[in-house]
Every structure is written in structure tokens, then in C-alpha cells.
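In what follows, a single structure is set out as C-alpha cells and then discussed.
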Amino acid sequence: YAKDSGRGNRQFYQPGMNVRATDVLHQERLLREAIANNAFVLHYQPQISLADGSLQGFEALVRWRHPERGLVGPDEFITFSESRGLITPIGRWVMHEACRQLKAWQDEGLAMVPVAVNLSALEFRQRDVAGEIAAVLHATGLAPRFLEIELTESVLMHHTGQVLETLNAIKTLGVGVTIDDFGTGYSSLAYLKRYPIDKLKIDRSFVMDTPQSADDVAIVTAIIQMGHSLQLKTVAEGVETANQKDLLHRLGCDLVQGFLVSAPMDAQAAHRWLSP
Ligand code: C2E
Ligand code: MG
Ligand code: MG
Ligand code: MG
């Protein structure tokens with residue numbers, strides 16, 4: 001299996017895919033065991049300021065310590081988990097673990113930055129996300145300003161009333177809201193003014209071919225300008241080259257995240273980024 005190809009194109013099991021039922025049952029059993037045994041781990045990827053290079057946050061990215069295949073990335077089990085009704089305990093663990101870890105670092109006296117946690121559209125619909133976040137912050141003692149949630153545009157295109165209520169409740173807690181993979185989803189811009197959003201995360205697919213692709217440069221420029229006009233911070237994801245970073249800097253993008261800065265790393269390595 002390709003280790004770091006793009007997302008979405010290497011899931012074993014998509015709904016409707018013709019896989020043998022015994023394989024599905026086997027994977028489902030392993031996943032249930034993983035949930036029971038907490039066989040997940042979070043990796044952290046730094047986000048740095050283009051203005052001064054300082055660390056501004058981490059994105060928490062879940063991995064499964066698979067008994068047969070080693071560390072397995074989320075593209076290979078999040079959708080599968082959703083289809084088997086197993087996403088809720090995984091998502092709950094991720095939220096709790098990210099907050100627990102950040103608070104532990106804070107208690108050690110390390111410099112603090114926020115941690116961003118991803119929530120899929122299904123998770124957002126199925127769970128009382130705001131209530132759960134409040135409970136996790138209370139349980140771990142993490143201050144709300146150190147937590148952000150990343151949502152994709154698909155969350156915002158359905159269930160407008162309920163989504164607005166939930167996002168307002170999250171904002172009221174003092175937790176940040178970021179739109180992930182911006183530009184790849186349903187492209188109504190109306191939600192940018194309707195919902196209380198703090199950050200736009202420019203999808204890797206638009207960053208990838210810059211600065212060579214004039215079209216992608218135009219798209220990235222437009223997203224940054226629009227974001228700033230709406231008082232939103234902009235983050236570019238998947239930044240792999242110095243040329244991409246220089247362009248983003250010139251365009252006034254606020255933050256970058258990508259292999260150029262660092263791949264996602266385990267908690268021990270992330271700890272070193274925070275050491276005073
Ligand atoms: P995402 O939130 O857009 O996360 C960015 C993905 O791009 C991560 O893949 C990261 O490792 C990868 N990446 C970062 N920098 C670069 C780069 O410079 N080049 C390239 N080619 N890739 C880069 P990962 O960790 O495999 O996660 C894939 C997706 O899985 C995430 O996309 C997110 O949507 C989802 N995901 C991750 N953790 C969770 C979670 O805890 N819950 C939920 N619901 N989804 C999660
Ligand atoms: Mg994300
Ligand atoms: Mg993306
Ligand atoms: Mg993303």
C-alpha cells in the first residue's frame with residue numbers, strides 16, 4: 001500500500017466495493033478489538049507562521065496500530081469505521097487524547113500552541129459534538145483556546161439549522177473552527193458568512209502544482225484574499241517545497257503545514273518542538 005499518496009484513493013473498503021464478506025468481517029473484528037484495546041495513536045503535524053517561522057499549532061492525525069500491517073493511516077479506516085458504525089468511539093478517543101496530551105505538555109511547562117482535531121461530516125451529524133467537547137475540556141482541564149476543530153465543507157452543506165447551532169455552541173466554548181480541504185467540497189460561499197469560522201485551510205490539491213500552475217496560483221491567491229477580507233486566517237496544507245512556501249508568503253498566507261516543515265510525528269517528537 002502506498003504510504004503517503006493522496007487521501008481518499010487507498011481505502012480498502014468503500015461502500016459498494018465488492019470485497020469478500022469474510023475480509024470485511026475480519027477487518028471489523030480487528031477494528032472492534034482495536035477500540036477495546038485503545039490501539040490507536042495520534043501523530044502531530046506542526047503549523048508554522050510564515051511571518052516569523054514560529055510554531056503556531058499542531059494538527060492531530062489518528063493512526064491505527066494494526067496487528068498485521070503496522071501503523072495504518074486514517075484514509076484506510078475512517079470511512080470503513082463509519083460504514084460499520086464504529087466511528088464514534090474512535091472519534092471520542094481522538095478528541096480526548098489530543099486534549100489530554102496538550103494538557104500534559106502544558107503541565108510540564110512547555111510553550112503551548114493549539115491542537116486541531118478532525119471531525120468527519122458523519123461524526124458531526126451523529127454526535128452532540130459541542131456537548132462532548134465541553135465534557136472533554138472539563139475532564140482534561142485543557143483551556144478551550146488550545147483546541148480547534150477541523151470540518152470539511154460537506155458538514156456545512158447539510159442540516160443548516162443544527163449545524164449553525166452546534167458551531168455557535170462550539171464558538172461559545174471558545175474553541176476554534178477551521179474549514180479543512182477548502183475549495184474541494186460543495187462550493188457555496190454563503191456559509192463563510194453564515195457560520196462562525198476562524199480559519200480556512202487551503203487544500204493540498206491547489207498547493208501541489210504551485211508555483212508552476214498559473215491556474216492554481218490564481219486559486220490560492222483568491223482564497224487567501226477572500227479569507228482575509230472575511231477576517232479568516234488562512235493555512236496552506238501539503239506544502240512540500242520552498243518555492244511553494246515562498247509563494248504563499250508573498251501572497252500573505254498566514255500559516256503553512258506540510259512535509260517541508262515536518263511530516264506528522266509521534267508525541268515524543270512533537271514534544272521536542274515545544275521544549276522551552
Ligand atoms: P487532512 O485533515 O486534510 O490531513 C492532512 C493529510 O495530509 C494527513 O494525512 C497528512 O499526513 C497529509 N500531509 C501533510 N502534509 C503533507 C504534504 O506535505 N504532502 C502530502 N502529500 N501529504 C501531506 P493523514 O494523516 O493520512 O490523514 C488523512 C485524512 O484523514 C485527514 O486529512 C483527515 O481528513 C482524516 N483524519 C485524520 N485524523 C482523523 C481523525 O482523528 N478523525 C477523522 N474523522 N478524520 C481524520
Ligand atoms: Mg485536517
Ligand atoms: Mg486536503
Ligand atoms: Mg486537510
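Whatever order the structure lists them in is the order used to number ligands and atoms, beginning at 1.
Remark: among candidates Ala60, Gly73, Pro74, the nearest residue to atom 26 (O) of ligand 1 is Pro74, based on non-hydrogen atoms. Considering Ser81, Gly91, Pro264 only, the shortest heavy-atom separation from atom 11 (O) of ligand 1 involves Pro264.
The closest side-chain donor-acceptor pair between Thr210 and Gln212, if any, does not fall under 3.5 angstrom. Side-chain polar atoms of Gln47 and Gln257 form a donor-acceptor pair below 3.5 angstrom. A donor-acceptor contact closer than 3.5 angstrom is absent between the side chains of His66 and Glu76. Side-chain atoms of Ser120 and Glu82 form a donor-acceptor pair, as typed in the model, at a separation below 3.5 Å.
Here Gln45 has side-chain heavy atoms under 4.0 Å from ligand 1, and that is the only part of it that gets that close. Contacts between Asp180 and ligand 1 below 4.0 angstrom, taking non-hydrogen atoms only, involve the side chain exclusively. Of all the heavy atoms of Val94, the ones lying under 4.0 Å from any atom of ligand 1 belong exclusively to the side chain. Residue contacts with ligand 1 for Glu59 involve side-chain atoms from C-beta outward but no N, CA, C or O (heavy atoms, distance under 4.0 Å). Within the 4.0 Å heavy-atom criterion, the part of Glu123 lying near ligand 1 is the side chain and not the backbone.
For the pair Glu237 (side chain) and Arg204 (backbone), a donor-acceptor distance under 3.5 Å is present.
The N/O atoms of Leu260, backbone and side chain alike, include none that comes under 3.5 Å of an N/O atom in ligand 1.
For the Mg ion (ligand 2), the count of nearby protein N, O or S atoms, meaning those under 2.8 Å away, is 4.
Under the 30°/60° scheme for interplanar angles, the aromatic rings of Phe40 and Phe77 are found to be tilted.
Cluster membership for Val94 and Ile149, using ILVMFWY side-chain heavy atoms within less than 4.5 angstrom, is shared.
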